[in-house]
**Q** 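Got a structure here, written out as structure tokens. Questions coming.
Note that the structure is predicted; figures quoted are calculated from it, not measured. The chain is numbered in sequence order, starting from 1.
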Amino acid sequence: MEISLGKVAFDLDFHPSEQLVTAGLIDGDLHLYRYSSGSVPQRVLEVHAHRESCRAARFVNGGSAILTGSPDHTILATDVETGSAIARLENAHEDAINRLINLTASTIASGDDKGCIKVWDTRQRSCCNSFNAHEDYISDMTFSSDSMKLLGTSGDGTLSVCNLRKNKVQAKSEFSEDELLSVVIMKNRQKVVCSSQTGNILLYSWGCFKDCSDRFIDLSPNSVDALLKLDEDRLIAASETGLISLVGILPNRIIQPIAEHSDYPVERLAFSHDKKFLGSIAHDQLLKLWDMDDILQGSGTTSRTEATVGDSDSDEMDTDITPKSRKGTKRKNASKDHVTGSQNFFADLQMDG
């Protein structure tokens, strides 16, 4: 299935229990579609959410609302049923907001173009943590609920580990040779996997984040813009060529290409709530829904051999957070317009929990 969005999309997310998918577009619009097997997806909502691009979108509150973030510095909560604005937080960040992720039933995290990560507690209706974790844009984030650690990747070429209990950047990797674009936690929290602009996949051992322990090079030299965890041993990687591949981790291998979105770079990947569909968005203005049963057929075979470099596992947490600075080049254009407003964003927004 495919959906013509009419504009380039920057993010997508699936409803946590229903057959709904949302996309944030370059013109600031937010779209919501209902999909089902064997039928054409129907648009059920279109909202002009932001003055500038809608870079990030996430369902919250059991799917009753969608949060969006933008270079206009705002975070907006939109009602899924009516499309009306529940609340808008002006000046959520000093710089353009690039990423949003859910942490717990009552917390979310946002990341901006200057490397700042903020955690918002919806019960306290305020920002409860703020980390100046990076020196360039936040490309991706993921959360380890067991350890309450928030991991981020950045255009500055580093991986950060923010400890939410201690409210500090607990660890930061050395600068890699290029921008880190996506991050997932694999192998039952033993490995952290990051993609890069040169197509190298970097593996970090949990607790030893200063330098990668393995490096998988078979997807290079094409930029790997998005990673999506399938299970503890396999992930889905999307590249700037439009190719989507199933990749095994330890042993590291390309299991097989599973889809080709288009000739344009794939921006994001996401699973439907039941993992029956894989969603992808690219610069071709299309949102595609792939049937997982179809694209994973024959995935038990490998197509290329493993290519790894080194191993330096450690049980201790690396606390060096002062590597040499380096600026990235993949950052989207961001607006620096000054905006003002209330900090009472969460006054009308309650999440489950």
**Q** Between Val169 and Leu150, is there a shared hydrophobic cluster once you connect ILVMFWY residues whose side-chain heavy atoms come closer than 4.5 Å?
**A** yes
**Q** Any Lys/Arg nitrogen of Asp231 or Lys275 sitting under 4.0 Å from an Asp/Glu carboxylate oxygen of the other?
**A** no
**Q** Are the charged groups of Lys276 and Asp293 less than 4.0 angstrom apart, N to O?
**A** no
**Q** Evaluate salt bridge (charged side-chain N to carboxylate O under 4.0 Å, His left out) for Asp13 paired with Arg268, printing each intermediate quantity in order.
**A** CA-CA 9 Å; Asp13 195 32; Arg268 298 290 181 198; over 6 Å; no
**Q** Applying the side-chain contact (heavy atoms from CB on, under 4.5 Å) criterion to Trp120, which one of Cys128, Ser110, Ser106 satisfies it?
**A** Ser110
**Q** Using a distance-only test with no angle check, is there a side-chain donor-acceptor pair under 3.5 angstrom linking Ser262 and Lys288?
**A** no
**Q** Tell me whether Arg58 is salt-bridged to Asp11, with the criterion being a basic N under 4.0 Å from an acidic carboxylate O.
**A** yes
**Q** Is there a chain of hydrophobic side chains (I, L, V, M, F, W, Y, each step under 4.5 Å between heavy atoms) that links Leu243 to Leu246?
**A** no
**Q** For the residue pair His73 / Asn91, report whether a side-chain donor-acceptor contact shorter than 3.5 Å exists.
**A** no
**Q** Under a 4.0 Å threshold between the charged nitrogen and the carboxylate oxygen, would Lys229 count as salt-bridged to Glu232?
**A** yes
**Q** Hey, are Arg99 and Asp140 close enough for a salt bridge, meaning a charged N less than 4.0 Å from a carboxylate O?
**A** yes
**Q** So with a 6.0 Å cut-off around OH of Tyr264, is the heavy-atom count from everything else above 12?
**A** no
**Q** Would you say Lys7 has more than 12 foreign heavy atoms packed within less than 6.0 Å of its NZ?
**A** no
**Q** So that I know where these two stand, are Phe14 and Tyr35 an aromatic pair - ring centroids less than 6.0 Å apart?
**A** yes
**Q** Closer than 4.0 angstrom, basic N to acidic O: yes or no for Glu135 and Lys114?
**A** no
